[in-house]
2 protein chains.
Amino acid sequence: MVTPSPADDAPRPSSSAPSSAATTPAASSASTSPAPSATTTPAAPASNTPVASAATAPAASATTAPVASAATAPPGRATLADVARLAGVSAKTVSRVVTDTDTVAPSTRARVEAAVAELRFRPNFLARDLRHGAVSKTVGFVMGDITNPFYFELGAGMERELHRGGLTMVLTATEDDASAEERVVGSLLAQRVRALVVVPIAADQSYLEHERSLGTPIVCVDRPPVGLDVDTVLLANRAGAAAAVDSLTALGHRRIAYIGSPGDLYTNRERLAGYREALARVGVHDTAHWERTDGDGRDFEAAIHDVLHQADAPTAVLTANNRASAALLRAVGTDRGDLAYIGFDDFDLADVLGFSVVAYDMREFGRLAAQCVLDRLESPDAPPRALEVPVHLVHRGSGERPPA
Amino acid sequence: MVTPSPADDAPRPSSSAPSSAATTPAASSASTSPAPSATTTPAAPASNTPVASAATAPAASATTAPVASAATAPPGRATLADVARLAGVSAKTVSRVVTDTDTVAPSTRARVEAAVAELRFRPNFLARDLRHGAVSKTVGFVMGDITNPFYFELGAGMERELHRGGLTMVLTATEDDASAEERVVGSLLAQRVRALVVVPIAADQSYLEHERSLGTPIVCVDRPPVGLDVDTVLLANRAGAAAAVDSLTALGHRRIAYIGSPGDLYTNRERLAGYREALARVGVHDTAHWERTDGDGRDFEAAIHDVLHQADAPTAVLTANNRASAALLRAVGTDRGDLAYIGFDDFDLADVLGFSVVAYDMREFGRLAAQCVLDRLESPDAPPRALEVPVHLVHRGSGERPPA
DNA sequence: TATGCTCATGTCAGCGATGTCATTCGGCCA
DNA sequence: TGGCCGAATGACATCGCTGACATGAGCATA
């Protein structure tokens with residue numbers, strides 16, 4: 001009652017734009033403002049002083065300079081030296097107190113702590129880390145398409161684990177642009193991130209070899225790097241797809257369609273391979289007839305219609321990612337009982353819809369990536385590891401129907 | 001064909017654990033390794049030199065020291081001075097070339113650029129930002145519960161916009177712990193973030209007042225701060241909920257249930273208020289009978305069962321967040337045609353399920369927050385603004401049914 | 001009483017980059 | 001031919017903090 005779970009209320013909208021439905025702009029916010037973006041309220045003048053407040057300013061003519069720029073604010077941000085002056089000790093002693101390294105006489109400590117509190121001193125990590133070529137406490141994460149929640153789940157798992165190692169995470173994205181990868185990574189390295197977790201997008205990652213040789217831990221996730229030998233964390237794509245198809249063939253299915261993205265992407269290539277492997281095991285070798293790996297990954301619905309209406313229609317479908325799964329639902333509705341289907345990637349409400357899937361623990365995925373980082377920080381010279389996130393079939397009905 | 005959308009294949013799993021279904025651990029990855037977490041492959045010794053490679057090392061006995069520590073790697077990371085030495089110029093000139101500030105003779109520039117390339121020099125932003133009390137180019141984002149994709153969507157929108165302003169984003173989370181807020185924020189400030197975007201969790205944010213007075217832009221999102229007068233970006237929670245209920249009452253509904261989280265959280269409080277407002281407009285004042293704001297936000301299903309089976313069962317339901325919406329689907333299935341319902345927050349497949357919702361543009365939400373930051377960096381002394389993200393009703397069928 | 005030690009604290013340099021100011025060197029004009 | 005100017009470049013200090021080392025007081029031991 002008193003300590004509620006604070007985030008319980010935060011909404012979780014879908015990323016897909018409100019589709020296939022009439023939209024009523026009726027309930028715009030307040031009532032005024034035809035502004036296209038948002039409603040601005042002047043914000044009632046609450047309890048707040050103009051700008052130059054800051055308690056106990058050492059010496060500053062608070063009268064002049066109407067535009068007190070941030071960087072040159074009246075007392076400015078307190079430094080070690082400021083604290084030292086106020087406490088009547090040397091900067092070094094303040095440093096000792098703040099970092100709790102050496103022993104300091106109790107009375108001195110008290111005086112310093114008082115000064116720290118009074119000036120609201122906050123150590124500058126930038127300066128601290130500058131010494132000795134040290135690097136920051138942040139780990140850079142380079143996502144691919146920032147609009148894909150997949151990466152967030154991954155990031156969430158990582159953040160949590162990294163936090164334990166006392167590290168924070170810097171988020172950046174390549175915005176789908178392969179040519180941006182090196183630039184984005186470069187900007188992170190300029191910040192001297194402690195380590196780098198990358199979802200490879202560019203055709204080649206060998207440009208990172210130098211950085212790796214310098215000792216920066218680098219971990220590639222979801223897709224393997226090219227021309228770079230580092231730790232990787234990948235899904236069991238092939239095994240997962242094969243297991244799904246195996247379970248379908250065990251029920252007697254032979255005409256199984258595959259709906260996925262183009263195979264020149266690692267993830268899809270692997271899943272497609274798993275699909276073919278499993279079919280080959282039961283003697284079905286020519287699967288091209290059943291495969292739909294459409295051009296841009298957007299037009300799954302059309303591909304599904306197409307394959308379901310061909311001469312010898314499939315009795316089962318493997319949708320190779322959750323967007324394909326969603327497309328299948330849109331194409332055939334939620335009550336197509338005569339068709340068996342299994343999707344790769346779990347998704348929200350799949351349980352309600354009785355959609356069997358190949359699932360895996362996304363949080364664990366992120367955790368493993370973070371673990372790689374932490375491990376490598378400890379033993380920089382260990383040989384690169386290739387971790388694989390296991391997947392498992394989740395039976396919910398749609399994948400357990402025998403052929404009609 | 002040749003340039004596929006790289007992230008098309010990334011999966012988008014649900015955050016909910018695979019529920020209500022039999023799980024077959026059958027298809028674990030490779031076949032070996034009963035390890036609980038993941039499969040490790042020794043990673044075939046690919047084309048990779050041990051550690052001390054780095055081209056053109058100035059002077060280093062590459063024979064000794066088998067354990068070349070990261071920080072003290074052979075040539076180490078190149079600095080301005082290294083480049084200067086190689087190019088035969090002063091450090092300052094290198095700086096000029098790198099930052100492209102002053103004019104430099106073409107021949108000199110060429111020499112410096114060659115040296116930069118050879119040593120793979122990368123300027124150290126930590127050092128650069130140290131000067132003059134400057135601050136970094138990063139903006140800190142303090143999420144609430146990191147397990148909630150909502151914040152990542154928000155973060156994604158922010159990241160994209162901040163990127164335009166040449167800023168990067170540092171992500172941290174309070175992990176649901178109100179007492180962690182000040183600590184987490186402190187750690188960001190120690191990194192001298194350029195600005196701070198916070199989802200307030202603690203009971204009071206007045207501790208940030210000093211930082212604000214120092215000129216650090218602070219923006220609160222999703223929930224308003226307490227004891228601090230800064231820019232805010234909030235959803236039109238109340239108006240959205242009211243609009244949903246208005247549309248139900250217009251159809252003749254009067255017995256409308258409310259399923260939400262406890263009201264001591266801003267978001268829920270507002271949505272509940274909107275619900276009550278709208279019902280009051282049609283003369284329904286005693287709504288307590290229809291409200292279910294269960295204790296921990298986890299037990300929506302039970303609350304739904306409860307309210308739907310009470311004496312005078314409601315003819316419509318407002319689910320106040322998307323977890324409640326999912327719970328409704330689990331509780332009543334996907335074909336309950338005699339019940340009208342509308343959910344706050346859009347969600348994936350809501351279109352397939354014909355689920356009417358109160359939706360909003362999450363990307364826009366983040367964009368606005370970023371815009372606040374950028375605006376404030378430009379005009380630090382402008383009065384705080386209160387932005388509201390508009391919401392709109394999306395009609396998909398479930399909310400357009402008249403009472404039975 | 002001198003020696004040696006520990007504890008508390010201070011001095012100083014330097015991390016890497018850059019703002020400020022100084023210096024050098026050709027010309028160019030009077 | 002002298003002086004002046006601007007372009008190109010360098011020297012130096014400095015941002016905030018901390019490692020290495022120094023200092024000095026107090027105290028116990030030989």
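Looking at A:Arg109 and A:Asp100, a side-chain N of the basic residue comes within less than 4.0 Å of a carboxylate O on the acidic one, giving a salt bridge. Looking at B:Arg192 and B:Asp129, no side-chain N of the basic residue comes within less than 4.0 Å of a carboxylate O on the acidic one, giving no salt bridge. Here A:Asp375 pairs with A:Arg385 in a salt bridge; the nearest charged N to carboxylate O distance falls below 4.0 Å.
Between the P atom of D:dA20 and the NZ atom of A:Lys92 lies a distance of 9 Å, rounded to the nearest Å. Between B:Arg122 atom CZ and C:dC15 atom P there is a gap of 21 Å when expressed in whole angstrom units. A straight line from CZ of A:Phe125 to C1' of C:dC15 spans 17 Å, rounded to a whole angstrom. For the pair A:Leu126 CG and C:dG14 P, the interatomic distance rounds to 22 Å; values are reported in whole Å. When rounded to the nearest whole Å, the span between CG of B:Asp102 and C1' of C:dT23 equals 15 Å. Remark: C1' of D:dC15 and CZ of A:Arg77 are 14 Å apart, rounded to the nearest angstrom. Rounded to an integer number of Å, the gap from B:Asp129 CG to C:dG19 P is 12 Å. Per the geometry, CG belonging to A:Asp100 stands 17 Å off P belonging to D:dC17, to the nearest Å.
Closest to the side chain of B:Pro123, out of C:dT11, D:dG10, C:dA17, is C:dA17.
Contact check, A:Ser95 against D:dT18: a side-chain N or O comes under 4.0 Å of OP1 or OP2. The shortest distance between the side-chain N/O atoms of B:Arg128 and the OP1/OP2 oxygens of C:dT18 is below 4.0 Å. Under 4.0 angstrom from either OP1 or OP2 of C:dT9 there lies no side-chain N or O belonging to A:Thr93. For the pair A:Thr79 and D:dG16, the criterion of a side-chain N or O lying under 4.0 Å from OP1 or OP2 is not met.
At a threshold of 4.0 angstrom between heavy atoms, the contacts of B:Thr101 with the nucleic acid are absent. Among the atoms of the strands shown, none is found under 4.0 Å from any heavy atom of A:Val98.
Side-chain N/O atoms of A:Arg96 and base N/O atoms of C:dG10 include a donor-acceptor pair closer than 3.5 Å.
Remark: the B:Glu182 side chain and the B:Gln205 side chain contain no N/O donor-acceptor pair separated by less than 3.5 Å. If you check the side chains of B:Thr216 and B:Glu211, you find a donor sitting under 3.5 Å from an acceptor.
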Which atoms of nucleotides 4-8 of chain D (N or O only) lie under 3.5 Å from a protein N or O atom, and what are those distances?
residue: D:dA8; atom: OP2; partner: B:Thr103; partner atom: OG1; Å: 2.5

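Of all non-hydrogen atoms in A:Thr168 and B:Val170, the two that sit nearest each other are OG1-CG1, 4.3 Å.
The distance from atom CG of B:Leu189 to atom CG of B:Leu196, rounded to the nearest 0.5 Å, is 5.5 Å.
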